[in-house]
Amino acid sequence: MQHRIVVLGAGYTGAIAAGRLAKRLRREDVTITLVSAEPDFVERVRMHQLAAGQHLKPRPLSEMFAGTGVELRLAKVTGVDVDRKTVAVIDANGADELTYDTLVYALGSGWNTQGVPGAAEHAYEIAGRPGALRLRQRLARLDAGQTVVVVGGGLTGLEAATEIAEARPDLDVALTARGGLGDWLSPKGREHLWKVFGKLGITVHEHAAVTGVEADRVATADGKGIPAAVTVWTTGFAVHPIAEATALKVTGTGQIVVDGTMRSVSHPDVYAVGDAAMAIGPGDKPLRMSCASGGPAAWQAADAIAARLTGGKLPSTPIRYFNQCVSLGRKEGLIQYVTADDRAVQAVLTGRLAAVYKELVCKGAAWGVANPTLGLPTRRRRVTPDRAATGSAVKAPA
Ligand SMILES: Cc1cc2nc3c(=O)[nH]c(=O)nc-3n(C[C@H](O)[C@H](O)[C@H](O)COP(=O)(O)OP(=O)(O)OC[C@H]3O[C@@H](n4cnc5c(N)ncnc54)[C@H](O)[C@@H]3O)c2cc1C
């Protein structure tokens, strides 16, 4: 009997995990089903580019997975029952149920309004393709001189504000940050950020707590408010509520708690990767919601599943950070080098070279999805029958 592996979500981490599993396990021994709500692989790291009016290369999943042994199922996941080991899905033909022996949960995340009144009704977001396309249409209708306020001074906010300001120099772009602009960066990194923001004419409101969003302004804690024809909300990501509705152990924010092999600490036949998972990384800190750690986490999960099914060695390479790559429009960028646990060091790369570097990183991330073993030769191993039945026999490293 074949071992049934079901992977939920074909974003960066789910697609990598499915593809890598298919390279590691003998086709006769397993079925690998990748469930995706979208027919294309969405380069989520480019959503600010899409919103700013750029054309993104279509990447149909059917082409990406043709001949790999991964079966693509275009459907929306509506629920998971970890006791019955089933996944409820819905597609054009109606509701259906998939049964798994091993589940990889990689449904990612969406935008996070943080419960701020009016944000859900009036703000635009770029956490996924539908939101980015909606913002793109709205920006196209704006007249010269109108104001766009980007709420959130994190990486996504920096990328969104600069991309919009570069693409639409006729607009009045502003950014609000809860702290100082780029205050986690090195002095050189911050200096460069200010320089680029100045060149692009972006107004920065530092230490501004946004308390509400209205149709034509954002309200701030100091009572002054900022006029905004369009508000773009980028204050972090929130996971989808599906995991929280299961018996899986999740954090207060709904991320699935996993061990060092990305396996659920409560249900050994479930793995979680990417934004949907809470794994402890270097410095005993939770891994940041990012491709930077999500990609290696997906390798880790796939290799651990393969090892457990075939009696191989569990992966033990620790996940670490190297840099934070920030695009600042198409002509400028900032590569902030960091410690293994993601703290800024002095070294930075700036300017056009940094923009080219970041573009290569984005291209590399998409290439890595289509080449989940990074082009290295692999051998598909035989699933040991007793392991196929139990899904596990090897103890996970801490
Ligand atoms: C504008 C922007 C820029 C970013 N830049 C960077 C960056 O430079 N570097 C970096 O490291 N990170 C960056 N990130 C973060 C990064 O994109 C995410 O952390 C990463 O995509 C997480 O990968 P994932 O596989 O967990 O989720 P995703 O890539 O979001 O994939 C989840 C998949 O699940 C699908 N899905 C969701 N719900 C369902 C459902 N119910 N049924 C079926 N399918 C479903 C989605 O359609 C999607 O395909 C950026 C994010 C944004 C929005």
Side-chain angles (χ1 to χ4, degrees), residues 6-18 34-52 56 59 61 72-80 87-91 98 104-112 125-132 135 150 152 154-164 232-234 236-243 245 255-256 262 272-277 279 287-298 301 321-328 333-336 338 342 357-359 361-362 364-366 368-369:
V6 174
V7 181
L8 306 183
Y12 287 95
T13 64
I16 290 177
L34 177 60
V35 185
S36 175
E38 302 234 22
D40 288 328
F41 170 70
V42 174
E43 286 184 275
R44 206 175 149 196
V45 300
R46 293 190 192 270
M47 288 302 104
H48 52 298
Q49 296 176 233
L50 186 65
L56 299 188
R59 297 177 186 274
L61 288 167
L72 190 61
R73 176 73 195 263
L74 294 183
K76 185 170 185 216
V77 176
T78 54
V80 176
V87 176
V89 296
I90 188 158
D91 61 15
L98 311 175
V104 182
Y105 186 106
L107 292 182
S109 62
W111 65 315
N112 188 352
E125 51 99 6
I126 55 167
R129 182 152 67 174
L135 175 59
V150 176
L155 296 170
T156 311
L158 301 180
E159 293 197 323
T162 48
E163 200 74 49
I164 295 168
V232 184
W233 197 265
T234 69
F237 303 129
V239 298
H240 302 295
I242 292 175
Q255 283 178 303
I256 299 171
M262 306 299 139
V273 282
D275 292 0
L287 292 178
R288 174 161 59 87
M289 286 183 175
S290 65
C291 290
S293 55
Y321 296 94
F322 295 96
N323 49 35
Q324 294 177 6
C325 303
V326 196
S327 68
L328 301 171
L334 169 63
I335 310 301
Q336 172 65 66
V338 297
D342 211 21
Y357 187 114
K358 170 72 196 236
E359 177 57 25
V361 166
C362 292
V369 170

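Atoms within each ligand, like the ligands themselves, are counted from 1 in listed order.
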Q: Assess the side chains of Q255 and D275: does a donor N or O sit below 3.5 Å from an acceptor N or O?
A: no
Q. In terms of residue, atom name and distance, what is the protein heavy atom nearest to atom 10 (C) of ligand 1?
A. C291 N, 3.4 Å
Q: Within a distance under 4.0 Å of any heavy atom of C325, pick out the atoms of ligand 1 and give their elements.
A: 8 (O)
**Q.** Nearest-contact summary for atom 49 (O) of ligand 1 - protein heavy atom, Å
**A.** G11 N, 3.5 Å
**Q.** Shortest non-hydrogen contact from A160 toward I126
**A.** CB-CD1, 3.8 Å
Q.
Return the OH to CD1 distance between Y105 and I242, rounded to the nearest 0.5 Å.
A. 5.0 Å
**Q.** Atoms in ligand 1 flagged as close to M289, the criterion being non-hydrogen separation under 4.0 Å
**A.** 19 (O)
**Q.** Shortest non-hydrogen contact between V45 and C362, atoms and distance
**A.** CG2-SG, 3.8 Å
Q) What are the atoms of ligand 1, with element, lying closer than 4.0 Å to any heavy atom of A75? A) 43 (C)
(Q) Working to the nearest 0.5 angstrom, can you tell me the gap between N112 CG and F237 CZ? (A) 9.5 Å
Q: Return the residue, atom name and 0.1 Å-rounded distance of the protein heavy atom closest to atom 24 (P) of ligand 1.
A: T13 OG1, 3.5 Å
Q. T13 and G294: which non-hydrogen atoms are nearest, and at how many Å?
A. CG2-O, 3.3 Å
Q: For L61 and A10, work out which heavy atoms get closest and say how close.
A: CD1-CB, 3.8 Å
Q. Which residue from V45, N323, V89, I16 reaches closest to atom 14 (N) of ligand 1 through any of its heavy atoms?
A. V45
Q) So is R44 polar-close to ligand 1, meaning N/O to N/O under 3.5 Å? A) yes
Q.
Looking at ligand 1, is there an atom of it that comes within less than 4.0 Å of some heavy atom belonging to F237?
A. yes
Q. Are any non-hydrogen protein atoms located under 4.0 Å from atom 46 (C) of ligand 1?
A. no
(Q) Can you confirm, on distance only, whether ligand 1 has an N/O atom lying under 3.5 Å from any N/O atom belonging to A37? (A) yes
Q. In terms of side-chain heavy atoms, does H48 have a donor or acceptor partner in S327 at a distance below 3.5 Å?
A. yes
Q. With distance as the sole test, does R44 use its side chain to make a donor-acceptor pair with the main-chain N or O of A127 at under 3.5 Å?
A. yes
Q | Minimum-distance protein heavy atom relative to atom 37 (C) of ligand 1 | A | L107 O, 3.3 Å
Q. Donor-acceptor pair, S36 side chain versus L74 backbone, under 3.5 Å?
A. no
Q | Residue pair L155 / Q324, side-chain heavy-atom distance below 4.5 Å | A | yes
Q.
Quick check: do R73 and V89 have side-chain heavy atoms less than 4.5 Å from each other?
A. yes
Q: For A127, take its heavy atoms, then give the atoms of ligand 1 lying under 4.0 Å from any of them.
A: 53 (C)
Q.
Looking only at protein heavy atoms, which one is nearest to atom 42 (N) of ligand 1, and what is the separation?
A. V77 N, 2.8 Å
**Q.** contact_flag V42 ligand 1 heavy-atom lt 4.0 Å
**A.** no
**Q.** Per atom 1 (C) of ligand 1, closest listed option by heavy atom (R73, H48, Q324)
**A.** H48
Q | M289 CE to T156 OG1 distance, which is reported to the nearest 0.5 Å | A | 11.0 Å
Q.
Just to confirm my output: which protein heavy-atom neighbour is closest to atom 53 (C) of ligand 1, and how far is it?
A. I126 O, 3.3 Å
(Q) Please list, in number order, the atoms of ligand 1 under 4.0 Å from a heavy atom of A292. (A) 11 (O)
Q) If you measure from each heavy atom of A106 to ligand 1, is any distance below 4.0 Å? A) yes
Q) Under 4.0 Å from any heavy atom of E159, which atoms of ligand 1 are there? A) 3 (C), 5 (N)
Q) So is K358 polar-close to ligand 1, meaning N/O to N/O under 3.5 Å? A) yes
**Q.** Nearest-neighbour protein heavy atom for atom 29 (O) of ligand 1, which is reported as residue plus atom name and distance
**A.** Y12 N, 3.4 Å
**Q.** Side-chain donor/acceptor of Y12 to backbone N/O of A292, under 3.5 Å
**A.** no
**Q.** Atoms of ligand 1, numbered as shown, that sit under 4.0 Å from any heavy atom of G274
**A.** 26 (O)
**Q.** For atom 35 (C) of ligand 1, closest protein heavy-atom neighbour
**A.** G9 CA, 4.1 Å
Q: Have a look at G157, S290, G108, A10 and point out the one with the heavy atom closest to atom 27 (O) of ligand 1.
A: G108
**Q.** Non-hydrogen atoms of C291 and P296 that approach each other most closely
**A.** O-CD, 4.0 Å
Q: Check whether any N or O atom of D275, backbone or side chain, sits under 3.5 Å from an N or O atom of ligand 1, and answer yes or no.
A: yes
